[in-house]
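Each remark here refers to the structure printed beneath this line.
In listed order, ligands and their atoms are each counted from 1. Position 1 is the first residue of the sequence, and the numbers go up from there. Worth saying up front: this structure is predicted, and the values here are computed from it rather than measured.
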Amino acid sequence: MRKPLIAGNWKMNGSRSDNKALLAGIKAGIAKAKVAEVAVCAPYIYIPQVAEQLAGTPIAWGGQNLSTEAKGAFTGEISAAMLLDFKCKYVIVGHSERRTLYGEDDALVAKKFAVAEQAGLIPILCIGETLEEREKGITEQVVARQIKAAIDEVGIATLGKGVIAYEPVWAIGTGKTASPQQAQDVHAFIRGQLAAHDKAVAEKVRIQYGGSMNAGNAKELLAMQDIDGGLIGGASLKAEDFLAICTAAG
Ligand code: PEP
C-alpha cells in the first residue's frame, strides 16, 4: 500500500509574514489528514523559517531545486548538503518551469536526481508532456524518454527511492486539470515503464499528479488507482485549500 504524498510547491511566492500565517494554518489543521504524508517545498531563503515552524510536526519540507555540484564557485546555487543542513527531506527536480525557463534537459535533471539521492534527500522527479506533445499524440513517448533518462543515470533501484510527479505541462498553473481518467492512464503507463525494469519497484514507487489540483478536484484524482498524491502549486498557498487536498487523500 503506497502512502500518498501531498507536497506543496510554493514556487517563487511568499514573505516572512505570509509564510508564518500559512504554516500556522496548515499546522492547525494537519491532524485531519489521516492518510497522506504532507510536505512543503519553499523558496531557499525561507527554508530556515519553514524548518523552525514545522519542527516537531508531522509535516516535512524540502527545496524546489538543487545544484549538481557539492560546493565552490557556483554563484547563486544551493547544494544538497545545504538543504540537508536545514533538515529538508525532499527536493523537486526537473519541474517543468526549470526545464522550459532555465533550459534543464533530461540529462541534467537525471544528474540532479542522482546527486540528491546520494546525499540523502528524496528527489521528486517531475515529468510530463506539453500541450503540443499531447496534441501530437506523443505523451507516452515523452514521459518514457524522461523516465529512461533517470533510469540510465541512476538505475531502477535508486529511481525507486524517489517520488515521481506526473505533471502535464498544459495543466500547470492554467486551471486546466487532467481528468482523473486522463491522469490515471498516464500514471499506469509510467508504472508499466518501471515494471519493465523491476516489478517490485513499480509497485512501491509513489507517482503524484500535479497540474491545477485543488480542493474541488483532489478527491476524484486521488481516488484513481495509480495516483499516489499530488504536487500542488497555486492551491498550496492557502492553508484551507492545501488542507482540503491533504484530507481528500483520506
Ligand atoms: C506545480 O507547480 O507543480 C503545479 C502543479 O502547479 P499548479 O498546482 O499551480 O498547477
Exactly one of Arg134, Glu132, Glu133 clears side chain to side chain donor-acceptor pair (under 3.5 Å) with Thr130, and that residue is Glu133
Whether over 12 other heavy atoms sit under 6.0 Å from Ile45 CD1:
no
Apart from Val169 itself, its cluster of hydrophobic side chains linked below 4.5 Å comprises none
Contacts for ligand 1, heavy atom under 4.0 Å, by chain and number, are Asn9, Lys11, His95, Glu167, Ala171, Ile172, Gly173, Gly210, Gly211, Ser212, Leu231, Ile232, Gly233, Gly234
Exercise. In terms of heavy-atom contacts, does CD of Glu220 have more than 12 from other residues, nucleotides or ligands at under 6.0 Å?
Worked result: no
Could you tell me whether the side chain of Ile207 reaches within less than 4.5 Å of the side chain of Val163, counting heavy atoms only?
no
Notebook entry, point to check: What do the steps show when you test Arg191 against Asp228 for salt bridge (Lys or Arg N to Asp or Glu O under 4.0 Å), and what is the final call?
Noted result: CA-CA 11 Å; Arg191 209 175 294 289; Asp228 311 313; 2.7 Å; yes
